[in-house]
Amino acid sequence: MMVLTKKMIEIRSILQRVGQSSTLTLPSIVVIGSQSSGKSSVLEAIVGHEFLPKGTNMVTRRPIELTLVNTPSSKEEYGEFPDLGLRRISDFSSIQRTLTELNMAVPDSECVSDDPIHLTVYSPNVPDLSLIDLPGYIQVVGQNQPLQLKQKITELCDKYIQAPNVILAISAADVDLANSTALRASRRVDPRGERTIGVITKMDLIDPIRGASILNDQQYPLRLGYVGVVSRAPQSQGLFKKGPTNLLSAIAKQENAFFSSHPLEYGNEAGVNVGTTTLRKKLMHVLEQTMSSSLQSTSDAIRQELEEATYEFKVQYNDRPLSAESYLAESLDAFKHSFKQFAEEFGRPQMQELLKHELDQKVLDLLAARYWNKPIGDLVAAKPGLDNLADLPKAEPDSLYWHRQLDASTSALTKLGVGRLATTAVSSSIQGHIDSLVSNSTFASHPFAREAIMEAASTILNERFYSTSDQVENCIKPYKFDIDIEEREWSQGREHVGGVLKKELQDCETALKNLESNVGGRRKLKEVMTFVDKARKGDIVVEGDGRSGAGGFSAALLGKGREAVFLRDRADIIKMRLFAVKSKQCATSKNKYYCPEVFLDAAATKLASTAVLFLNVELLSEFYYNFPRELDLRLGRHLSEAEIEKFAKEDPKIRRHLEVIRRKELLELVLGKMDSLRQLEGLERDRQAAG
Ligand code: GDP
């Protein structure tokens with residue numbers, strides 16, 4: 001029938017995609033032999049091409065699982081390395097180079113590896129076969145090779161020559177069969193010689209009478225018999241390199257010439273099997289038989305594996321269907337939904353608050369630099385006749401000095417680059433929000449998607465950055481010349497700045513408390529602070545800079561003391577400012593020169609709300625419109641199947657889920673194929689029985 005092997009080879013390649021199922025082995029022909037026994041020559045004669053690594057230094061270091069696929073309707077011959085994604089290599093010397101590289105990548109110190117190389121050859125000139133080439137047995141261990149190498153090779157070969165595989169034991173005719181390592185290994189696992197084919201190479205090197213007696217060997221009888229070959233590529237290679245079948249026909253010609261010149265020993269009457277062509281036929285036949293007889297057991301094994309996968313799917317995943325595409329689509333939908341919610345919650349009021357906060361900080365800095373830049377004693381002293389905070393503020397409203405101070409502060413505020421500041425603040429806030437949306441979404445465990453989303457956001461924001469910040473800057477321009485504050489705005493500012501100062505005060509006090517507990521209590525801190533105060537006034541002379549400690553305090557403690565003194569002074573100043581803001585004088589905008597804090601706060605609010613109007617149009621609305629579209633572009637239908645798969649598998653849970661589904665589907669597919677094959681087999685048997 002001969003279609004069985006082909007079908008089974010197809011099934012094998014599907015099973016290889018199932019992966020990790022060691023139990024699912026379909027029979028193969030495993031080729032073993034000593035180094036130089038002619039193993040490669042035999043394999044190449046079967047394939048019809050030189051493609052195996054050549055050289056003396058252990059060139060086969062990994063098993064080569066070679067699948068031959070007969071393609072009767074095509075003239076093309078080519079090889080593929082499915083694991084490497086290398087397809088349709090029609091130059092066999094390039095296949096040879098790849099194989100050499102793959103083998104040589106196994107370091108000298110290890111010499112062999114049991115990780116197989118998969119190679120498939122498609123050709124109209126090859127039979128459907130599945131062959132495994134293994135490292136040749138060695139007699140002596142070489143200089144740079146590990147001492148256990150012999151042992152390692154033997155173990156590797158032993159792993160492969162187990163049932164149901166067929167063993168192709170290669171021995172050279174010019175070596176006594178009693179010394180054939182291949183036959184000895186085969187006898188260990190197949191003592192009755194039921195699944196071993198003996199191949200005797202180099203028949204041309206011995207006397208035909210001896211040759212014939214070897215092929216008839218009664219000493220080591222094999223049920224599948226021996227085949228004698230002369231498979232060395234003919235020396236006059238140049239002549240035969242023209243067409244694809246040349247190595248095949250050259251060897252056939254050479255063998256024919258040789259064997260037919262000894263008709264008595266090797267002729268039809270002699271009852272021996274000779275020639276590569278005979279060998280190929282035998283291999284096909286034996287493999288087909290083996291496949292057929294293992295059909296049942298393989299089906300059973302696959303069915304069992306399928307049952308396990310089905311059970312896992314049910315128990316672990318509740319039979320929940322999933323595909324990489326649906327997973328991505330659902331994740332994207334959920335993310336867009338969460339984004340929509342965010343968009344509803346983040347608008348003008350939120351931007352206003354954000355900007356105002358940024359500007360508050362700038363205002364505090366400005367005030368600190370212009371007004372509150374001296375020790376508290378000086379500040380109080382600067383206001384003549386004043387030693388009681390309750391009298392604050394007493395700056396003369398008509399003094400040109402205070403006018404200039406406020407004008408300079410206002411100008412510094414309006415000219416600090418509000419456009420840029422506002423756009424940056426809003427952009428990075430949006431980006432921060434998107435980042436946390438991602439962290440709370442399924443995309444959190446997908447670095448690829450995470451990056452794509454963050455990039456989508458920053459692309460849109462960056463594109464709009466300059467024009468937005470220009471526009472904002474432009475629209476606040478009038479304020480650079482004049483800011484008119486209404487009473488209502490004034491009182492709002494007054495209230496707000498009170499809050500800001502209170503918050504500052506709180507922060508200061510908390511920091512002081514922390515320092516206290518840090519140094520081991522209020523008393524201790526007080527002591528150090530007193531010392532620092534005295535040293536500052538010059539009441540105590542501290543030698544050096546006090547860095548190595550002074551007054552019995554360690555340097556670290558002194559450092560804390562200084563920090564505490566700073567915080568205390570700062571808190572005092574803030575209290576004074578709060579007091580000023582709350583005082584009657586600051587109740588109306590008429591006294592703006594008394595109350596720079598209130599005036600600047602109101603000015604900052606004006607700047608913020610004007611900026612927000614433009615930010616809303618130029619940045620926020622644009623972002624809300626474009627972001628979901630940009631997401632679709634980067635994570636939607638435009639991704640290739642492989643990219644989607646890669647994405648989904650980044651999450652280990654999803655990966656396992658997808659894999660169990662895939663395994664189940666592949667096993668179902670295989671089982672279906674196996675069942676119909678078995679039916680075919682049954683029909684065939686019935687037909688034969690009837691005939
Ligand atoms: P491997 O190490 O077992 O793969 O052996 P090779 O196929 O590389 O062959 C070893 C050597 O034996 C090479 O020099 C081949 O040319 C030579 N050789 C292989 N087959 C034959 C044959 O049938 N007759 C002769 N005379 N030499 C052969």
Side-chain angles (χ1 to χ4, degrees), residues 29-64 66 92-93 96 99-100 103-104 111-112 117 119 131-140 142 145 149-150 153-154 156-157 167-175 177 179-186 197-208 210-212 214-215 226-237 240 247-248 250-262 265-266 272-280:
I29 298 171
V30 179
V31 191
I32 53 170
S34 311
Q35 252 184 351
S36 300
S37 58
K39 193 157 65 69
S40 314
S41 304
V42 171
L43 274 168
E44 290 178 340
I46 292 170
V47 175
H49 286 278
E50 284 194 48
F51 70 100
L52 287 168
K54 297 282 151 61
T56 48
N57 181 27
M58 274 288 301
V59 282
T60 303
R61 299 181 172 200
R62 292 169 63 180
I64 302 174
L66 176 65
F92 280 76
S93 61
Q96 188 174 42
L99 280 177
T100 308
N103 275 295
M104 284 310 161
C111 247
V112 292
I117 298 169
L119 168 64
L131 295 154
I132 300 172
D133 185 25
L134 291 168
Y137 292 109
I138 54 167
Q139 307 307 324
V140 273
Q145 294 166 341
L149 181 57
K150 264 170 99 159
I153 295 174
T154 307
L156 175 59
C157 293
I167 304 168
L168 196 64
I170 314 267
S171 318
D174 57 348
V175 178
L177 276 207
N179 292 330
S180 161
T181 327
L183 284 175
R184 249 184 286 150
S186 122
I197 302 173
V199 174
I200 309 297
T201 59
K202 310 190 188 181
M203 291 297 286
D204 54 324
L205 295 186
I206 52 162
D207 172 66
R210 234 194 99 215
I214 294 177
L215 297 182
Y226 288 87
V227 183
V229 296
V230 181
S231 52
R232 176 173 61 167
Q235 298 305 298
S236 44
Q237 268 285 300
F240 299 99
L247 182 63
L248 282 185
I251 285 176
K253 228 177 184 168
Q254 167 179 280
E255 282 182 323
N256 249 340
F258 174 75
F259 290 122
S260 59
S261 62
H262 306 287
E265 292 82 2
Y266 301 130
V272 293
N273 287 317
V274 290
T276 306
T277 316
T278 312
L279 176 61
R280 276 158 58 110

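Order of listing sets the numbers, starting from 1, for every ligand and every atom in it.
Considering only non-hydrogen protein atoms, atom 16 (O) of ligand 1 sits nearest to Arg232 CD, 3.0 Å. At the shortest separation from atom 11 (C) of ligand 1 among protein heavy atoms lies Lys202 NZ, 4.0 Å. Here the protein heavy atom with the shortest distance to atom 7 (O) of ligand 1 is Ser41 OG, 2.6 Å. Counting only heavy atoms of the protein, atom 4 (O) of ligand 1 lies nearest to Ser40 OG, 2.4 Å.
Residue-ligand proximity: Ser37 is placed with a non-hydrogen atom under 4.0 Å from ligand 1. Using a 4.0 angstrom heavy-atom cutoff, Ser36 counts as in contact with ligand 1.
At least one side-chain heavy atom of Leu99 sits less than 4.5 Å from a side-chain heavy atom of Ile117.
Near Ser34, meaning under 4.0 Å from any of its heavy atoms, are these atoms of ligand 1: 3 (O). Set against the non-hydrogen atoms of Gln35, the atoms of ligand 1 under 4.0 Å away are 2 (O). Interface of Asp204 with ligand 1, defined as ligand atoms under 4.0 Å from a residue heavy atom, comprises 22 (C), 23 (O), 24 (N), 25 (C), 26 (N). The distance from ligand 1 to the heavy atoms of Ser231 drops below 4.0 Å at these ligand atoms: 23 (O). Close approach of ligand 1 to Val230 is summarised as follows: ligand atoms under 4.0 Å from at least one heavy atom of the residue are 23 (O).
Side chains of Ser41 and Ser231: a donor-acceptor N/O pair is absent below 3.5 angstrom, by distance only.
Shown here for Phe258 and Asp204, the closest heavy-atom pair between the two residues is CZ-CA, 3.5 Å. Contact detail for Leu134 and Cys157: the closest heavy-atom pair is CD1-CA, 3.9 Å. Heavy-atom minimum distance, Ala173 versus Lys202: CB-O, 3.7 Å.
Inside a 4.0 Å radius of atom 25 (C) of ligand 1 there is at least one protein heavy atom.
Screening Val229, Thr278, Ile200 for a side-chain contact (heavy atoms from CB on, under 4.5 Å) involving Asn273 leaves a single residue, Thr278. Checking each of Val272, Val199, Leu177 against Tyr226 for a side-chain contact (heavy atoms from CB on, under 4.5 Å) leaves exactly one that passes, namely Leu177.
Here Gln254 pairs with Val230, Pro234 under the side chain to side chain contact (heavy atoms under 4.5 Å, CB included) rule; sequence neighbours left out. With sequence neighbours left out, the ring pair (Phe, Tyr, Trp, His ring centres under 6.0 Å) criterion links Phe92 to His49.
Close N/O approach between Gly38 and ligand 1 is found [any backbone or side-chain N/O within under 3.5 Å].
Ser260 places a side-chain N or O within 3.5 Å of a backbone atom of Asn256 that can act as its donor or acceptor partner.
When heavy-atom distances to ligand 1 are checked against a 4.0 Å cut-off, Leu205 comes that close only through its side chain, counted from C-beta outward. The residue Ala172 has no part lying near ligand 1, judged by heavy-atom distances below 4.0 Å.
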